[in-house]
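This structure is a prediction, so every number in the text was calculated from the model and none was measured. All ligand and atom numbering here is 1-based and tracks the order in the structure.
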Amino acid sequence: MVNAPTGETRIGQTEQVQSLDRDCTTLSRHVLQQLKSFSADAQDLSALMNRVGLAAKLIARRLSRAGLMADTLGFTGAVNVQGESVKKMDVYANEVFISVFQQSGLVCRLASEEMEKPYYIPENCPIGRYSLLYDPIDGSSNLDINLDVGSIFSIRKQEGDDADGSASDLLQHGHKQIGAGYVLYGPSTILVYSIGQGVHSFTLDPSLGEFILATENIQVPSRGPIYSVNEGNFWQWKESLRDYIRYVHRSEGYTARYGGALVGDFHRILFQGGVFLYPGTVKQPEGKLRLLYESAPLAFLIEQAGGRASTGTQDILDVVPTKLHERSPLIIGSKENVAMVESFIQDRSRNSRTVES
Ligand code: AHM
Ligand code: MG
């Protein structure tokens, strides 16, 4: 026998509809919602993000079984264009991104930290005209010890026909990005993205195989307690940077967090506030991180979240690279924390600063 509906069951049904709607807010649907359009351009961007999601799922799947599979962890023996030893997962993840965009009609050109030159998919060029720039595995040193790693991506529109294959149109400032994001492979797989309308995070629901909306319109606190930097480099930095760290040590309310994977450290700061630094050293003033694949995409996200990203003397998004694999110092996070680091680097009021209580 079916009971007549009560007030209680009606509320239950509303909750069920809301939770069903939440479960159906997938990445591709969210892009269309953001653009408030079903135009061809909006469908393209939605499909592109869906493919990025597919790449993330393939990489997450392999990472979750890496310790059980032969030929997954460790080095390949090769050295990449950056002069860094390549890991097997770097190669796999790089190929995953290429593979998911074959026959997609979406991305004409992929440029990655692991490839000397961009990879062209000529059959996509007349239709898509997008370029995807990416770091397939960020934080590679964490791979073999089962700690968090990430992928970072940036979307640009191709300008010009690039007939000579020089990709010179990519050598423009970061404001040219139309979207950016990252995937964090941690206890759960999280994808965070922006197409210039706020920053949103999605969690991979393994039972559905879909990224489902978790947090919309993330705003980084204007100031936060975390400072995230490899202090092992202390004696290689300029004195002004060392003074900043000394200032942090003397001040109350700071806490250090450094995981060795930029994506993980950035994710913590995005939600909790603070500052991540990878400054240049005296010997390598441009630092370690790559402008086009790491610093600029995260700068796009942090600005969308109300924070800032700087080289110490210039906004990251204003930097015009002279070459594809250019490196840049990176100071990124909460507005006030970034301004404080800049004030040391730019030597403003260093002597008048007092210890915080
Ligand atoms: P990778 O992309 O080759 O892994 O290099 C980038 C990583 C960042 O994720 C991280 O912040 C940094 O390198 C760590 O470098 P270090 O070991 O010098 O602190
Ligand atoms: Mg990398």
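Summarising the local packing, NZ of Lys88 is surrounded by more than 12 heavy atoms from other residues, nucleotides or ligands at distances under 6.0 Å.
Using a 4.0 Å cut-off between heavy atoms, Tyr293 makes no contact with ligand 1 at all. At a heavy-atom distance under 4.0 Å, only side-chain atoms of Arg290, from C-beta outward, approach ligand 1.
For ligand 1, the atoms lying closer than 4.0 Å to a non-hydrogen atom of Glu84 are 3 (O). Below 4.0 Å from some heavy atom of Gly260 lie the following atoms of ligand 1, by number and element: 9 (O), 10 (C), 14 (C). Residue-ligand proximity, Lys288 to ligand 1, at heavy-atom distances under 4.0 Å covers atoms 5 (O), 7 (C), 12 (C), 13 (O), 14 (C), 15 (O), 16 (P), 18 (O). Residue Phe276 has at least one heavy-atom neighbour below 4.0 Å for each of these atoms of ligand 1: 11 (O). Each of the atoms 9 (O) of ligand 1 lies under 4.0 Å from some heavy atom of Ala261. Less than 4.0 angstrom separates some heavy atom of Asn230 from each of these atoms of ligand 1: 16 (P), 18 (O), 19 (O). Taking a cut-off of under 4.0 Å to the non-hydrogen atoms of Ile137, the atoms of ligand 1 that pass are 2 (O). Listed by number with element, the atoms of ligand 1 under 4.0 Å from a non-hydrogen atom of Glu113 are 1 (P), 2 (O), 3 (O).
For Phe276 and Phe266, the distance between ring centers is not under 6.0 angstrom. Residues Phe211 and Phe202 place their aromatic rings such that the two centres sit no closer than 6.0 Å.
Here's the thing with Asp138: one of its N/O atoms is less than 3.5 angstrom from an N/O atom of ligand 1. The N/O atoms of Gly139, backbone and side chain alike, include one that comes under 3.5 Å of an N/O atom in ligand 1.
For the pair Arg62 and Tyr92, the cation-pi test (distance below 6.0 Å, angle within 45°) is passed.
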Problem set entry | side-chain hydrogen bond (donor to acceptor under 3.5 Å, both in side chains) evaluation trace for His175 with Asp318 | CA-CA 7 Å; His175 299 286; Asp318 291 339; 2.7 Å; yes
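Residues forming a side-chain contact (heavy atoms from CB on, under 4.5 Å) with Ile218 (at least two apart in sequence, or on another chain): Val199, Ser201, Thr215, Leu270, Phe271.
A heavy-atom distance below 4.5 Å is found between the side chains of Trp237 and Ile245.
Applying the side chain to side chain donor-acceptor pair (under 3.5 Å) test to every pair with at least one member in residues 187-198, sequence neighbours left out, gives these pairs: His30-Tyr193.
Under a 4.0 Å N-O distance rule, the pair Asp315/Arg308 qualifies as a salt bridge.
The residue from Val263, Leu277, Leu262 that puts a heavy atom closest to atom 9 (O) of ligand 1 is Leu262.
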